[in-house]
Amino acid sequence: MTNDNPDASRTAYYEQIGRQRMTPLWESLHSLVPKAPRPKTLPAIWKYAQVRDLVMRAGSLISAEEAVRRVLVLENPGLPGKSSMTPNLYAGLQLILPGEIAPSHRHTQSALRFIVEGKGAWTAVNGERTTMHPGDFIITPSWTWHDHGNPSLKEGGEPVVWLDGLDIPLVAHMDAGFAENYSETTQPISRPEGDSFARFGHNMGPVRHRVSDPTSPIFSYPYTRSREALDALYRNGELDEWDGVKLRYVNPATGGWPMPGIATFMQYLPAGFKGRAYRSTDATIYCVVEGKGTVRIGDDEFLFEPHDVFIAPSWAPVRLSASVESVLFSYSDRPVLAALNLLREERS
Ligand code: GTQ
């Protein structure tokens, strides 16, 4: 080897070490250990007005039964082909029509449902059904049987659309995905609707309950309650310059997150709110419940309206403004980052 042409001798050397399945760190050090996050994830918005008809059209193309889950995956434009919204999280819009059932199964991926449109459909988790209303936040923890259904047209059923949030990419990255189908279409119902909420949803709990599970014993967090709490705080004068009035959803048995790997939030922005810039390492997916406004994410600016979904990548500054009073739901991989001591936030 000579030094007359260092590029050529290096190339030849790289080929030689490559045959031994080795690579030179010095060529990749800066991208392997960056000075700051360099997300491939891009800021993006899905305008409900543009995608709603497409979601509904899926209803005449395939049944929930055939599809198992009739979902349009929202794919981040920076992560093509990955069925991912962020490196760790997935988002999709699921449609269930009157009279349909999405058959029971379970998987190691944790799921949240945020109800976008329609009411009266149900999801069953751990032997209990819960009825969906717009703005409700429902969880299906890892490895719990879950099936979804909708009353028939005669019984007053209407199309229901919800946003699915799962940790599919994270679980895939960990090679920890398992799934199985239940032997029947629906799981047996062993408890009346509202049972878990009666036990755990009122700042009370069963006398001898021992926490043995990192997931919340409540699996539906109704919008009426979340909205009421935000309203009361705003009336009391609470208003953060970055967040407006923002609360996180909790597991009432532990005070922790409803599920171990996904954080969920809801925030209220009063009319005329102009938020300051905030960034954090948990890439966050937002779903607009009410209102209208704009969000700046890095160099992008989007107008948001009800049911729009948008994504703020890790470390991109986010600035929220509302022209009329607005409510936003959001979810992120914050508990995972916090557990690994990787959560950083900056309010500027
Ligand atoms: O409802 O069980 O969007 O298993 C993706 C995978 C929903 C579900 C999704 C799933 C589900």
Side-chain angles (χ1 to χ4, degrees), residues 30-51 73-93 114 163 165 167-170 173 240-246 248 262-269 272-289 291-324 326-338 340 342-348:
H30 297 300
S31 57
L32 288 179
V33 186
K35 287 213 153 75
R38 291 190 202 167
K40 291 196 179 75
T41 312
L42 295 173
I45 190 165
W46 284 260
K47 301 291 296 173
Y48 199 63
Q50 284 169 14
V51 303
V73 179
L74 306 183
E75 192 173 71
N76 189 282
L79 305 169
K82 298 218 179 310
S83 298
S84 298
M85 181 58 96
T86 76
N88 288 334
L89 294 175
Y90 157 107
L93 289 171
F114 186 70
L163 178 69
D167 53 5
I168 290 175
L170 174 66
H173 183 73
D240 181 83
E241 289 178 65
W242 290 265
D243 294 337
V245 185
K246 187 171 185 176
R248 66 181 184 91
I262 307 179
T264 43
F265 309 87
M266 189 167 269
Q267 71 198 104
Y268 171 86
L269 312 175
F273 181 76
K274 283 195 171 52
R276 298 176 63 176
Y278 163 78
R279 62 177 173 174
S280 70
T281 49
D282 57 329
T284 303
I285 298 147
Y286 293 80
C287 183
V288 181
V289 195
K292 204 177 242 201
T294 58
V295 57
R296 270 197 78 86
I297 308 171
D299 297 328
D300 289 290
E301 183 168 279
F302 306 112
L303 281 172
F304 68 74
E305 290 167 305
H307 317 320
D308 292 352
V309 175
F310 59 85
I311 156 73
S314 167
W315 215 230
V318 178
R319 207 181 302 190
L320 291 164
S321 309
S323 47
V324 300
S326 300
V327 179
L328 308 178
F329 170 82
S330 55
Y331 67 101
S332 82
D333 51 2
R334 172 169 290 233
V336 179
L337 288 153
L340 301 178
L342 297 174
L343 183 66
R344 273 200 201 199
E345 296 182 88
E346 194 176 81
R347 301 173 130 219
S348 51

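Computed from a predicted model, the values in this text were never measured in an experiment.
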Quiz item: Is the CZ atom of R344 crowded by more than 12 outside heavy atoms at less than 6.0 Å?
Solution: no
Exercise. Quick one: closest heavy-atom pair of L269 and F304, and the distance?
Key: CD1-CZ, 4.5 Å
Quiz item: What are the two closest non-hydrogen atoms of I297 and P313, and how far apart are they?
Solution: CG2-CD, 3.8 Å
Quiz item: N88 versus D282: any side-chain heavy-atom pair under 4.5 Å?
Solution: no
Exercise. Would you tell me whether Y278 and E345 have side-chain atoms, one donor and one acceptor, within less than 3.5 Å of each other?
Key: yes
Exercise. State the CZ-CD distance between F273 and E241, to the nearest 0.5 angstrom.
Key: 8.0 Å
Quiz prompt | Selection residues 310-321 - residue pairs positive for salt bridge (Lys or Arg N to Asp or Glu O under 4.0 Å), sequence neighbours left out | solution = none
Quiz prompt | Flag side-chain contact, heavy atom, 4.5 Å: V318 against Y286 | solution = yes
Quiz prompt | Contacts of type salt bridge (Lys or Arg N to Asp or Glu O under 4.0 Å), residue D300, not counting sequence neighbours | solution = none
Quiz item: Can you find a heavy atom in the side chain of I262 that is under 4.5 Å from one in the side chain of D333?
Solution: no
Quiz prompt | S84 side, atom OG; I168 side, atom CD1 - distance, nearest 0.5 Å | solution = 8.0 Å
Quiz prompt | Side chain to side chain, N76 and L42, heavy atoms closer than 4.5 Å | solution = yes
Exercise. Could you check if a side-chain atom of T41 sits within less than 4.5 angstrom of a side-chain atom of P87, using non-hydrogen atoms only?
Key: yes
Exercise. Identify the heavy atoms of S332 and A283 that sit nearest to each other, and give their distance.
Key: CB-O, 3.3 Å
Practice problem: Assess whether side chain to side chain contact (heavy atoms under 4.5 Å, CB included) is satisfied between R347 and D243, documenting all intermediate values. | Solution: CA-CA 10 Å; R347 301 173 130 219; D243 294 337; 3.0 Å; yes
Practice problem: Return the orientation label for the F329 and F114 ring planes: parallel under 30°, perpendicular over 60°, tilted otherwise. | Solution: parallel
Quiz prompt | Within-4.5 Å side-chain heavy-atom neighbours: V288 and E305 | solution = no
Quiz item: Roughly how far, to the nearest 0.5 Å, is CZ of R276 from NZ of K274?
Solution: 15.0 Å
Quiz prompt | Donor-acceptor contact below 3.5 Å, side chain D167 vs main chain L89 | solution = no
Exercise. Kindly give the heavy-atom pair with the smallest separation between V309 and C287, and that separation in Å.
Key: CG2-SG, 4.3 Å
Quiz item: To the nearest 0.5 Å, what is the distance between OG (S314) and CG (L337)?
Solution: 7.5 Å
Quiz item: Do M85 and Y90 have side-chain heavy atoms sitting under 4.5 Å apart?
Solution: no
Quiz item: Between the side chain of S83 and the main-chain N/O of G81, is any donor-acceptor distance below 3.5 Å?
Solution: no
Quiz item: Is it the case that more than 12 heavy atoms not belonging to K47 sit under 6.0 Å from its NZ atom?
Solution: yes
Exercise. Would you confirm whether Q267, through its side chain, and G244, through its main-chain N or O, come within 3.5 Å as a donor-acceptor pair?
Key: no
Quiz item: Are side-chain heavy atoms of K82 and P169 found at a separation under 4.5 Å?
Solution: no
Quiz item: From I285 CD1 over to L163 CG, what is the distance, rounded to the nearest 0.5 angstrom?
Solution: 7.5 Å
Quiz item: Going from CH2 on W46 to CD1 on I311, what distance comes out if it is rounded to the nearest 0.5 angstrom?
Solution: 7.5 Å
Quiz prompt | Any donor-acceptor pair under 3.5 Å from W242 side chain to S348 backbone | solution = yes
Self-check item: Sequence-distant partners of K246, salt bridge (Lys or Arg N to Asp or Glu O under 4.0 Å), two or more places apart
Solution: none
Quiz item: Are F302 and F310 close enough that their ring centres sit under 6.0 Å apart?
Solution: no
Quiz item: Between S323 and K292, is there a donor-acceptor pair closer than 3.5 Å when you use the side chain of the first and the backbone of the second?
Solution: yes
